[in-house]
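What follows is a set of notes on a single structure, which appears directly below.
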Amino acid sequence: MNFNNLLDLYSLDKSTVLFKHVESNELLPFANSIEKFRFEIQNRYENDEHLIEILTLLKKVFFKLSSSLIPYNQVVSKDIETQILSNFMRIKNSYPELFSKVVIQIAKSFKQLLEVSNNNLLDDLCQYINNRAKVGLKIAIVTKRAISVEERLIINNELKTFLKISYFTENSFRKDIKIFDEVIYVGNPIYFGEYVKNTFKGRTVTFISYDIFTNSLSPKNIFEELDKKGVISTIFKNITFGEPIEKKSTITLEQAELINTAVNRFIEEQKNTIEVNSQDAVEACIVFLENDRFLFAPRDSKIRVFSPNDKSNFIKQLNFKDIEEDDYIVIRNERDTKLIAEVADQDVLKVNAKKYRLLQNDWKDKLRYNVKKKGIRKVSEILINKYNINTASLASLRSWCNEESICPTELPKILKAIKYDNEKIKETYETMKIIQHAHRKAGRIISEKLMSELSNDILKELQEKGFYTFKSREFNGASFNIERIVSIERKIHLIAPYNLMKPMNID
């Protein structure tokens, strides 16, 4: 942490907060027709599941268009365009009245958008910055999603050449302690959340958004429920607010719904899968990442974390329960949960690996067979009541059946329950302790190898994009991602092992 930057942050004497609207002549007809479609589905078609799916797709496309800074005719991929047109034809055949009343207008406005070769948000953003440009001006552009390389090239080409721009995602800007002459948020305050409403790190802070959305910020009395005579809030001291701007439409589309819909749909799919093979399920929690992505992390796992401020140990392993918002996690893009076992076999167990894994698989296969034959609840009851295995809860049983579990606390009792003799119990238990030790050592080896390939130089890219991808020479060119955690939902879900630690997009 730069001490001078910290001093600058506290020496910022005043800020002006401004709001700017961008005309949405091309986007507004599309948004209004989607809103009419939503109203019809809710009120006349009883939330028909098929129509809801089409509505979700249209919302995704709308928010992609409204947040992009490239020409409108380049935003939507050919695959998505084809998918939308195919859905329009299905509605025409199945719901002719809905098509002629509403969907035909969506189709027309969508077609018009695909023919527009500019982007109003980009044009107004660049014009605004150029009008305020001075030599030496420090400018930060903050976006919810990471700006793409293409978008940055377009912006830099449109701006005056002497300007130096710093790009941030919302979450990386929150962690940065530098102050700027101009901070420009591409979006309104509601889009960004609470932080932008009470922390001002620019002499001028501007929110620029389409006129489809209200663009305003009302100072909130943080201590309004406390005794006003005893408490003074200085959050808005010397902060001047410009005139708020109301939206020019009646649409109520919200992007947060899309994330919740995507996550809930995936969880429902998992429930259907897990019902068939419940013994294979793993207890996991949802971790939300930058750029509207999420993954499921095993509740009892260890997670690799990149800590750029720790010079001597910037790759470390933490228990999942100790992971926090804004941590950077390191994930292998192909079956991350397999990595420790692979390194343990190759670098620690070596020639004994195959023999030891056979012993591990043998007791697990027998346990899985019993669970599949009798049911997980019945096996849990037998282990607890007949064999006094007090840890044999449903969650523990699922964990023991999973390949990541190696040496449960009461393993000797488990082995006795699946009819191992004393000699085999001793051999298996001792071997599982060796494997467990090998996995711990493998975790340290992975951290050391990754540390040899990474440096704090990647921090700038993490700030701009919210993630960083690299290929590891130490692991035969395997691809890794460093991802920033936005939030963690601690509620437990049952997830198939092959869907763990795998970042997923909502679109």
Side-chain angles (χ1 to χ4, degrees), residues 1-3 5 146 167-169 171-178 285 287-291 293 295-350 353 404 406 434-486 488 500-503:
M1 182 178 287
N2 188 307
F3 186 67
N5 289 340
Y167 295 93
F168 295 90
T169 62
N171 294 292
S172 63
F173 190 66
R174 188 171 69 239
K175 291 187 75 173
D176 195 89
I177 62 170
K178 292 192 291 291
C285 300
V287 177
F288 292 95
L289 308 171
E290 286 268 31
N291 303 309
R293 297 191 299 165
L295 60 76
F296 289 89
R299 183 187 175 205
D300 297 326
S301 63
K302 285 186 177 290
I303 308 290
R304 286 181 297 278
V305 174
F306 173 66
S307 304
N309 295 321
D310 190 339
K311 308 296 183 186
S312 61
N313 186 25
F314 52 82
I315 298 285
K316 60 189 72 174
Q317 283 199 119
L318 297 179
N319 292 320
F320 175 70
K321 65 182 179 63
D322 297 321
I323 300 296
E324 298 176 342
E325 291 181 9
D326 282 331
D327 279 345
Y328 293 111
I329 58 176
V330 186
I331 310 164
R332 187 174 69 160
N333 290 323
E334 183 182 347
R335 281 307 301 272
D336 183 84
T337 52
K338 285 273 193 180
L339 181 59
I340 286 182
E342 290 172 10
V343 174
D345 288 357
Q346 183 178 320
D347 293 0
V348 185
L349 299 175
K350 298 180 181 177
E404 273 77 46
I406 301 164
I434 293 170
I435 294 176
Q436 191 173 59
H437 176 73
H439 275 229
R440 288 171 182 155
K441 192 170 182 180
R444 293 192 292 272
I445 291 170
I446 293 167
S447 295
E448 289 166 4
K449 287 185 175 182
L450 291 177
M451 279 181 64
S452 70
E453 297 189 285
L454 294 173
S455 72
N456 287 332
D457 295 340
I458 69 172
L459 190 57
K460 186 172 187 293
E461 187 166 343
L462 277 170
Q463 288 176 331
E464 293 174 353
K465 294 169 61 179
F467 71 95
Y468 177 80
T469 302
F470 68 97
K471 288 190 175 180
S472 169
R473 297 183 304 276
E474 295 283 355
F475 296 103
N476 302 317
S479 172
F480 287 80
N481 262 22
I482 300 177
E483 302 270 357
R484 184 201 300 280
I485 295 176
V486 174
I488 302 171
L500 297 170
M501 299 303 291
K502 190 167 75 174

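Throughout, residue positions are numbered sequentially from 1 according to the sequence presented. Just the heavy atoms: all of them, side chains too, but no hydrogens, waters or symmetry mates, feed the values below.
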- Task: Given salt bridge (Lys or Arg N to Asp or Glu O under 4.0 Å), test Asp347 with Lys449 step by step and report yes or no.
- Result: CA-CA 12 Å; Asp347 293 0; Lys449 287 185 175 182; 3.1 Å; yes

- Spacing of Phe467 atom CZ and Glu483 atom CD [to the nearest 0.5 Å]: 7.0 Å

- Item | CZ-CD1 distance between Arg440 and Ile445, expressed to the nearest 0.5 angstrom | 14.5 Å

- Item | From CG (Leu318) to NZ (Lys302), nearest 0.5 Å | 8.0 Å

- Whether Glu453 side chain and Arg473 backbone form a donor-acceptor pair below 3.5 Å: yes

- Before giving the answer on side-chain contact (heavy atoms from CB on, under 4.5 Å), spell out for Leu295 and Phe288 the whole-Å C-alpha distance, their side-chain angles and the decisive distance to 0.1 Å. CA-CA 7 Å; Leu295 60 76; Phe288 292 95; over 6 Å; no

- Query: What distance do Leu349 atom CG and Ile434 atom CD1 have between them, rounded to the nearest 0.5 Å?
  - Reply: 8.0 Å

- Query: So, for Ile331 and Met501, which heavy atoms are closest and what is the spacing to 0.1 Å?
  - Reply: CG2-O, 3.3 Å

- Item | Smallest separation among heavy atoms of Ser452 and Glu474, with atom names | OG-OE2, 3.8 Å

- Message: Does Arg174 qualify as a cation-pi partner of Phe168, given the criterion of NZ or CZ under 6.0 Å from the six-membered ring centre and within 45 degrees of its axis?
- Response: no

- Task: Could you tell me whether a side-chain N or O of Asp176 sits under 3.5 Å from a main-chain N or O of Lys178, the two making a donor and an acceptor?
- Result: yes

- Message: Within the 4.5 Å heavy-atom criterion, are Gln436 and Lys441 side-chain neighbours or not?
- Response: no

- Query: Which value, rounded to the nearest 0.5 Å, describes the distance between Ser447 atom OG and Gln317 atom CD?
  - Reply: 5.0 Å

- Query: What's the shortest heavy-atom distance between Val348 and Ala442, and which atoms?
  - Reply: CG2-N, 4.5 Å

- Message: Whether Lys465 and Glu290 form a salt bridge (side-chain N of Lys/Arg under 4.0 Å from carboxylate O of Asp/Glu) is what I want to check.
- Response: no

- Task: Using modelled atom types only, decide if a donor and an acceptor are shared between the side chain of Asp345 and the backbone of Ala353 within a distance under 3.5 Å.
- Result: no

- Item | side-chain contact (heavy atoms from CB on, under 4.5 Å) evaluation trace for Ile458 with Phe470 | CA-CA 10 Å; Ile458 69 172; Phe470 68 97; over 6 Å; no

- Message: Determine whether Arg304 and Ile329 satisfy the following criterion, side-chain contact (heavy atoms from CB on, under 4.5 Å), listing intermediate values before the conclusion.
- Response: CA-CA 6 Å; Arg304 286 181 297 278; Ile329 58 176; over 6 Å; no

- Message: Using the rule given for side-chain contact (heavy atoms from CB on, under 4.5 Å), can you reason through Tyr328 versus Ser307, listing the C-alpha separation, both sets of side-chain angles and the distance that settles it, and then say yes or no?
- Response: CA-CA 7 Å; Tyr328 293 111; Ser307 304; over 6 Å; no

- Mind checking what makes ring pair (Phe, Tyr, Trp, His ring centres under 6.0 Å) contact with Phe475, not counting sequence neighbours? Phe480

- Do Asp326 and Asn171 come within less than 4.5 Å of each other through their side chains, counting heavy atoms only? yes

- How about Tyr468 and Leu459: do any of their side-chain heavy atoms sit closer than 4.5 Å? no

- Counting only N and O atoms by type, is there a donor-acceptor contact under 3.5 Å from the side chain of Ser301 to the main-chain atoms of Ala297? no

- Item | Value rounded to 0.5 Å, distance of CD in Glu325 from CD1 in Ile485 | 8.5 Å

- Item | Asp327 side-chain N/O to Glu324 backbone N/O, donor-acceptor pair under 3.5 Å | yes

- Note on the structure: For Ala438 and Ala344, the nearest pair of non-hydrogen atoms, with its separation, is O-CB, 3.8 Å

- With a 4.5 Å limit on heavy-atom distance, are the side chains of Leu339 and Ile446 in contact? yes

- Message: Can you confirm whether Thr469 sits close enough to Ser479 that some side-chain heavy atom of one is under 4.5 Å from a side-chain heavy atom of the other?
- Response: yes

